[in-house]
There are 2 protein chains.
Amino acid sequence: MSKAAETRQMILQRSFELIYQKGYQATSIDNILATTQVTKGAFFYHFKNKDEMGLALINEVLYPGMYATMVKPLLDSHDPVNEIYAMMRNLLIKIPFLRAKYGCPAINLIEEMSPLNESFRKALVRLTNEWQDAIADNIEQGKVKGDIRSNVNSKHTACFIVAGYSGIRNMGKAMGSGCYTVYLQELKNYLQQLK
Amino acid sequence: MSKAAETRQMILQRSFELIYQKGYQATSIDNILATTQVTKGAFFYHFKNKDEMGLALINEVLYPGMYATMVKPLLDSHDPVNEIYAMMRNLLIKIPFLRAKYGCPAINLIEEMSPLNESFRKALVRLTNEWQDAIADNIEQGKVKGDIRSNVNSKHTACFIVAGYSGIRNMGKAMGSGCYTVYLQELKNYLQQLK
DNA sequence: AATTAAACATACTAATTGGTATGTTTTACA
DNA sequence: TGTAAAACATACCAATTAGTATGTTTAATT
């Protein structure tokens, strides 16, 4: 990776962390410059404006990260229901970067920016759909295997599960991580009942 | 109500609508002044600062509104499961003020302000808990009546339901109101299975 | 109706915002 | 190794921010 590409990457990474904790609009460019030690000239050489940086951040940092932890574990599944649960448990309590107080970076961006920026919205819908589809595919495989009732609507169920995750991330911000374990218990019940 | 009280109430009401659509931090005081036709002197006569106004807004506008639509319909329930579903359906698709694009004002505030302002967080936790408790009480009544299995954990179930609502409000921002009906169908399944 | 405090108005401020104009320094390559 | 373009640095700008200082008007009570 060239030095310029490294600078760009570093700006995206640090901005991602700042925005995760403070929100997109509340994170100023000067704020990013201070934590990256990059000058304004360098920043605006790499990105036309703040929103273009934000979009790059979604596609180049958020998307790969979420694909690895949310989608990949569900592909070529052997034990569908347990894999969905394990993925969720991993996501909620095994990734040190994600803290209850700050929620989930993807959910945060959807919440804050979807109504304000159409480009952001579309990029974030893509992430959500990919996750939802992976969950639905997983459930379909469970149906083929006979692990899951044939009258389960996989897409609807996937939507319900995604909503649950999104919601518990929101609750966690106000209530702390305690509600994660409660949620996981009920998720297990819900998944069990699909059998 | 005295004229001063009316002014104060009007500021809170209009601010509530603005903040609902743009977010708390993105709504400037000048912005509020423009839509209320109130001058800066009047604003700062009624509120010490922006955050105090925000807190008043939570307690005096958000709280009563949400109590009426989310808590009250669940008290003294005759048909627990159906009342939870009806409340949710009403909340999601029967209140014209609430639009999918802008989500739920309470959820929005939790998401944006919980990590940033401890007073806001506490006030919002109170709302959430009150709703969650009303749902749990409703389920307990269902257990007494024999409508709901005795091995259902009412508090956990309530948490799961609240998370679901919060999450579908988030998804609705990105995907539109279509996902509401999908969610409601799966919620019905979930509630049915508590019987 | 007179009075006085409550209620509101106007004009300002210092700090911060995203972004630009105009430089200087690196770095890759001929 | 010379050179041109890529990569970065500095100094600025106009607009916006929350908040204040200092007024004037309105309204409730005697």
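Chain identifiers are assigned alphabetically (A, B, ...) following the order of the sequence lines, protein sequences preceding nucleic acid strands; residue numbering begins at 1 within each chain. Worth saying up front: this structure is predicted, and the values here are computed from it rather than measured.
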Rounding to a whole Å, what distance do you find between [X]:[atom1] and [N]:[atom2]?
X	N	atom1	atom2	result
B:Ile29	C:dT16	CD1	C1'	15 Å
A:Asn31	C:dA15	CG	P	17 Å
A:Tyr24	C:dT17	OH	P	14 Å
A:Lys48	C:dG18	NZ	C1'	14 Å
A:Met53	C:dG19	CE	P	10 Å
A:Asp51	C:dG19	CG	C1'	12 Å
A:Lys50	C:dT16	NZ	P	15 Å
A:Asp30	C:dT20	CG	P	14 Å

- [ ] Count the heavy atoms of every other residue, nucleotide or ligand shown that sit under 6.0 Å from NZ of B:Lys145, and state whether that count exceeds 12.
- [x]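 Yes.
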
If you measure only the distance, is there a donor-acceptor pair under 3.5 Å linking the side chains of [X] and [Y]?
X	Y	result
A:Tyr85	A:Arg89	no
A:Asn170	B:Asn170	no
B:Gln25	A:Gln25	no

Open item on the list: For a quick check, tell me whether the side chain of A:Lys40 and the base of C:dG19 share a donor-acceptor pair closer than 3.5 Å.
Closed with: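 Looking at the base of C:dG19, it does pair with a donor or acceptor on the side chain of A:Lys40 (distance under 3.5 Å).
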
Throw together a table of side-chain donor-acceptor distances under 3.5 angstrom for residues 184-195 of chain B, partners on residues two or more places apart or in other chains.
| from | atom 1 | to | atom 2 | distance (Å) |
| --- | --- | --- | --- | --- |
| B:Glu186 | OE1 | A:Tyr190 | OH | 2.6 |
| B:Glu186 | OE2 | B:Asn189 | ND2 | 3.0 |
| B:Tyr190 | OH | A:Glu186 | OE1 | 2.6 |

Pairs of donor and acceptor atoms involving the side chains of residues 96-106 of chain B, under 3.5 Å and at least two apart or interchain, shall be tabulated with distances.
none

TODO: Using heavy atoms to find the nearest nucleotide of DNA chain D for A:Gly41 and B:Phe44 separately, return the residue whose nucleotide is more 5′.
DONE: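 Upstream on the strand: A:Gly41.
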
Task: Below 4.0 Å: OP1/OP2 of C:dT16 and any side-chain N or O of A:Ser28 - done: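 The answer is no; no side-chain N or O of A:Ser28 sits under 4.0 Å from OP1 or OP2.
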
Open item on the list: Over all strands shown, is B:Ser2 touching base, sugar-phosphate only, or nothing at heavy-atom distances under 4.0 angstrom?
Closed with: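 Since no nucleic acid heavy atom lies under 4.0 Å of B:Ser2, the category is nothing.
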
Task: Contact interval (first through last nucleotide) of DNA chain D with protein chain B, 4.0 Å heavy-atom - done: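 Contact span on the strand: D:dT17 to D:dA27.
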
TODO: Give the C-alpha distance, both sets of side-chain angles, the deciding distance and a yes or no for side-chain hydrogen bond (donor to acceptor under 3.5 Å, both in side chains) between A:Tyr180 and A:Arg169.
DONE: CA-CA 8 Å; A:Tyr180 287 174; A:Arg169 278 299 189 191; 2.8 Å; yes

